[in-house]
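As a basis for the values below, the full set of heavy atoms in this structure was taken, side chains included, without hydrogen atoms, waters or symmetry mates. Here is the naming used below: chain letters follow the sequence lines, and residue numbers restart at 1 for every chain.
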Amino acid sequence: MKVRVRFAPSPTGFLHIGGARTALFNWLFARNKGGALILRVEDTDVARAASGAVEKILEDLKWLGITWDEGAYFQTERLSLYRHYAELLLKNGKAYFCYCSPEELDVRRKEALTKGNPPGYDGRCHQLSTGEAEKLKKARGKRVIRFKIPHTGATEFTDLVRGKIRFNHSVLEDFVIMKSDGIPTFIFANVVDDENMEITHVIRGDEHLSNTPRQLLLYQALGWQPPFFAHLSMILGTDGKKLSKRTGAVSLSWYRKEGYLPEALVNYLVLLGWAPEGNQELFSSTKEIIKKFSLKRISCNPAIYDTKKLDWINGNYIKRSNCKKITMLIKPYLEAANLLQGDEDEGWLEQVIELEKGRIKRLSQIVEYGDFFFLPEISYEKDIANSVLLRKETKELLGAYRAALSELEDFTKEEAEKRARKVIKDAGVKGGDLIHPVRFALTGRTVGPGLFEIIALLGKKKTLHRLDNAIKIAKGC
RNA sequence: GUCCCCAUCGUCCAGCCUGGCUCAGGACUCCAGAUUUUCGAUCUGGCAACAGGGGUUCAAAUCCCCUUGGGGACACCA
């Protein structure tokens, strides 16, 4: 039997890390098994629907590299299907109309909760005689359809990641399958669609685990064979609570903006709850992950979301990506920071990126780490300038090196180093005594790539100009 | 309140199913050392955990029970 899985987001907001991981695991499983991924938009909550959410979700999935084979299907376009099966259940006595208003239910729920009773529906409308039902129908107009839970027995199933799970029917209440506006609830639409789309494995978040017995009962009532279930434990925020919009950086688009590579995010996400055999953490490609992925090695404990490791993974991916690709991806960040004049030589830009790409963890960091390559003029922070530039011999050393560089025809890394070594030797000082001040003079900071590479890329004019500025400061005190 | 799930370093995972090879392994972070052309780069090293209690067994991180803690569900949300 061909594997068919689905990702079923509801368009109430952006795709967050948890949803992305669910989508990823489904996709990985499908690709590993040579199966199909179906995308289904569960838009039955009309009230909470956010405009533009679907487009954003699809865009984020594509960016991550998750491709689907069918869909996107929309549940609101399939209403007649759900109505058909709801009527069938009604006809077979497996479901019934309920006339209780939301307000009444709310009052009863709160009352039950304060008394310490289960807050679920008490099943009163099931008792209604035909006469009473008619009367209520006329008086209220609005009604929902509820599924009738069998009084006795239990539902047991084997979850693919957790093993055997059992729920007594006594803890289940008759739940709504069709709302008063004729739109199905998630729990029902989900079952009807999974059956109709021939889904073989339902891989979803842990929060749906307790919905499973209800859905299994629906499968039974409709005479359908249920799919396999695999419930992924949740991703929690650093506070140990469910991820929310307030938890911090959880929207996928934030990661895109910050300059995380999609392959790196995939690598990180898959490690949140899954591990290959052995102790590999970095993968050569998403293809490799697909090949190794299996539901068997998914862990059942919830993960706390912490991005330190993501930064490390992303840094690795940036480092090993080729320079042309990273340059292309980095350009927008430079443009946004107004660092590009537009007349930069492409080859020169690539060399700059080559130098920086081993040290940045996020593409956006190019601005704070490498702005001095692009700025016409750099400024020096006073405290650092005081400590780096104001040593006795620094002024002479800078002057001597400046003079040596000004004579250069070939402004190359090798030549720049040769001259520096000579100045160092002649003055009888340590390498760092010249190199640190020069680095600071040219970049405005005390850390960065190799100095002579910087000099060569900066070019003669800028290098001499910045040295002059630094010498002025050194003299000034 | 009731039901369900979960419980190994600060964090992510391995080991658990099929007890002994484990005074528990890897990675991130952090710390130290090295490189002396810096470090946010690199290399080397270090700190650091089986939630608690009871069983079962010659032997338990591994199996069972209880307690505690965390999470989820119990909506005309998904």
| message | Could you tell me how far apart A/F74 (CZ) and B/A78 (P) are, to the nearest whole angstrom? | response | 16 Å
| Contacts of A/F97 that satisfy ring-ring contact (aromatic ring centres under 6.0 Å, His included) - sequence neighbours left out | none
| note | Atom CD1 of A/I313 and atom P of B/U11 are separated, to the nearest Å, by 18 Å
| query | Roughly, in whole Å, what's the span from CZ in A/R108 to C1' in B/G1? | reply | 19 Å
| query | Using 4.0 Å as the upper bound for N to carboxylate O, is an ion pair formed by A/K142 and A/D181? | reply | no
| request: In plain terms, say whether A/D43 and A/R78 are close enough for a salt bridge, that is, a side-chain N and a carboxylate O under 4.0 Å apart. | output: no
| query | Does a side chain donor of either A/T152 or A/H169 reach within less than 3.5 Å of an acceptor in the other side chain? | reply | no
| request: With sequence neighbours left out, write down each residue that passes side-chain contact (heavy atoms from CB on, under 4.5 Å) with A/Y121, or none if nothing qualifies. | output: A/Y96, A/C98, A/C100, A/L105, A/R108, A/R124, A/C125, A/R146, A/D174
| Picking from B/A78, B/G25, B/C4, which would you name as closest to the side chain of A/T185? | B/A78
| note | By nearest-nucleotide position on RNA chain B, the 5'-leaning member of A/G450 and A/C300 is A/C300
| With a 4.0 Å cut-off on heavy atoms, is A/S233 in touch with a base, just the backbone sugar-phosphate, or nothing at all? | nothing
| query | For A/R83, what residues pass the salt bridge (Lys or Arg N to Asp or Glu O under 4.0 Å) criterion, not counting sequence neighbours? | reply | none
| said: Test of understanding: with ring-ring contact (aromatic ring centres under 6.0 Å, His included), list the residues that count as partners of A/F157, not counting sequence neighbours. | reply: none
| note | Which of A/Q75, A/R6, A/H208 passes side chain to side chain donor-acceptor pair (under 3.5 Å) with A/N190? It is A/R6
| task | Check each residue of residues 419-431 of chain A for a non-hydrogen atom within less than 4.0 Å of any atom in RNA chain B, then write out the ones that pass by number, or none. | result | A/R421, A/G431
| field | Presence of A/T44 side-chain N/O under 4.0 Å of B/A78 phosphate oxygens OP1/OP2 | value | yes
| Within this structure, what is the CZ-to-P distance between A/R109 and B/C77, rounded to whole angstrom? | 11 Å
| request: Look at the side chain of A/S210 against the base of B/C4 and say whether a donor-acceptor pair falls under 3.5 Å; ignore hydrogens and angles. | output: no
| Nearest-angstrom distance from the residue atom CG of A/D43 to C1' of B/C77 | 13 Å
| task | To the nearest Å, give me how far apart NE2 (A/H169) and P (B/A73) are. | result | 21 Å
| request: Only stems of 3 or more consecutive Watson-Crick or G-U pairs count here, both distances under 3.5 Å; name the ones for RNA chain B, or none. | output: B:1-7 with B:68-74, B:10-13 with B:25-28, B:30-34 with B:42-46, B:51-55 with B:63-67
Give me the distances for all protein-to-nucleotides 12-18 of chain B N/O pairs that come in under 3.5 Å?
from	atom 1	to	atom 2	distance (Å)
B/C12	OP1	A/I304	N	2.6
B/C12	O2'	A/L271	O	3.1
B/C12	O2	A/K309	NZ	3.0
B/C13	OP1	A/G273	N	2.6
B/A14	O3'	A/R297	NH2	3.3
B/G15	OP1	A/R297	NH1	3.3

| task | Determine whether the side chains of A/S180 and A/R140 contain a donor N or O and an acceptor N or O closer than 3.5 Å. | result | no
| request: Give the ring-plane orientation class for A/Y380 versus A/F440, where under 30° counts as parallel, over 60° as perpendicular and anything between as tilted. | output: tilted
| task | Kindly indicate whether the side chain of A/V266, heavy atoms from C-beta on, has any atom under 4.5 Å from the side chain of A/F283. | result | no
| query | Hey, does A/G120 reach any base, or is it just sugar-phosphate, or nothing, if we go heavy atoms under 4.0 Å? | reply | sugar-phosphate
| query | Which part of the nucleic acid, if any, lies within contact of A/N211, taking any heavy atom under 4.0 Å across all strands shown: a base, the sugar-phosphate backbone alone, or nothing? | reply | base
| Just checking A/P9: base, sugar-phosphate only, or nothing, at a heavy-atom cut-off of under 4.0 Å? | nothing
| message | Does B/C76 have OP1 or OP2 under 4.0 Å away from a side-chain N or O of A/R146? | response | yes
| For A/L209, which contact category applies under a 4.0 Å heavy-atom criterion: base, sugar-phosphate, or nothing? | sugar-phosphate
| message | Between the side chains of A/E288 and A/K292, is the shortest nitrogen-to-carboxylate-oxygen separation below 4.0 Å, so that they form an ion pair? | response | yes
| Near RNA chain B, under 4.0 Å by heavy atom, which residues of residues 171-178 of chain A? | A/V171, A/V176
| query | Should A/K418 and A/E414 count as an ion pair when the cut-off is N to O under 4.0 Å? | reply | no
| query | In terms of side-chain geometry, is the basic nitrogen of A/R109 or A/D106 positioned less than 4.0 Å from the acidic oxygen of its partner? | reply | yes
| message | Using a 4.0 Å heavy-atom cut-off, does A/T446 contact any base of the nucleic acid, only the sugar-phosphate backbone, or nothing at all? | response | base
| request: Under the ring-ring contact (aromatic ring centres under 6.0 Å, His included) rule, collect the residues that match up with A/Y268, sequence neighbours excluded. | output: none
| Is it true that the side chains of A/S364 and A/E258 contain a donor and an acceptor less than 3.5 Å apart? | yes
| query | To the nearest angstrom, how far is A/E156 atom CD from B/C3 atom C1'? | reply | 15 Å
Taking only nitrogen or oxygen atoms into account, show me every contact under 3.5 Å that the protein makes with nucleotides 40-46 of chain B, one pair per line with its distance.
from	atom 1	to	atom 2	distance (Å)
B/G40	N2	A/Y369	OH	2.4
B/G40	N3	A/Y369	OH	2.4
B/A41	OP1	A/K361	NZ	3.2
B/U42	OP1	A/K319	NZ	2.6

| Shortest non-hydrogen contact from A/I57 to A/P11? | CD1-CA, 4.3 Å
| Sidechain N-carboxylate O distance under 4.0 Å for A/K296, A/E277 | no
| query | If only side-chain N and O atoms of A/K179 are considered, is one of them under 4.0 Å from the OP1 or OP2 phosphate oxygen of B/C77? | reply | yes
| task | Please say whether the positively charged group of A/R419, taken as NZ for Lys or CZ for Arg, lies over the ring of A/Y401, i.e. under 6.0 angstrom from the six-membered ring centre and within 45 degrees of the axis. | result | no
| query | Reckon A/H231 touches a base, only the sugar-phosphate, or nothing at all at heavy-atom distances under 4.0 Å? | reply | nothing
Extract all donor-acceptor atom pairs below 3.5 Å that involve side chains of residues 160-167 of chain A and protein atoms in other chains or at least two apart in sequence.
from	atom 1	to	atom 2	distance (Å)
A/R162	NE	A/H231	O	3.4
A/R162	NH2	A/H231	O	3.2

| Heavy atoms under 4.0 Å, any strand shown: does A/R362 hit a base, just sugar-phosphate, or nothing? | nothing
| said: Once you apply a heavy-atom cut-off of 4.0 Å, does A/R162 come out as touching a base, just sugar-phosphate, or nothing? | reply: sugar-phosphate
| request: Check each residue of residues 94-103 of chain A for a non-hydrogen atom within less than 4.0 Å of any atom in RNA chain B, then write out the ones that pass by number, or none. | output: A/C100, A/S101, A/P102
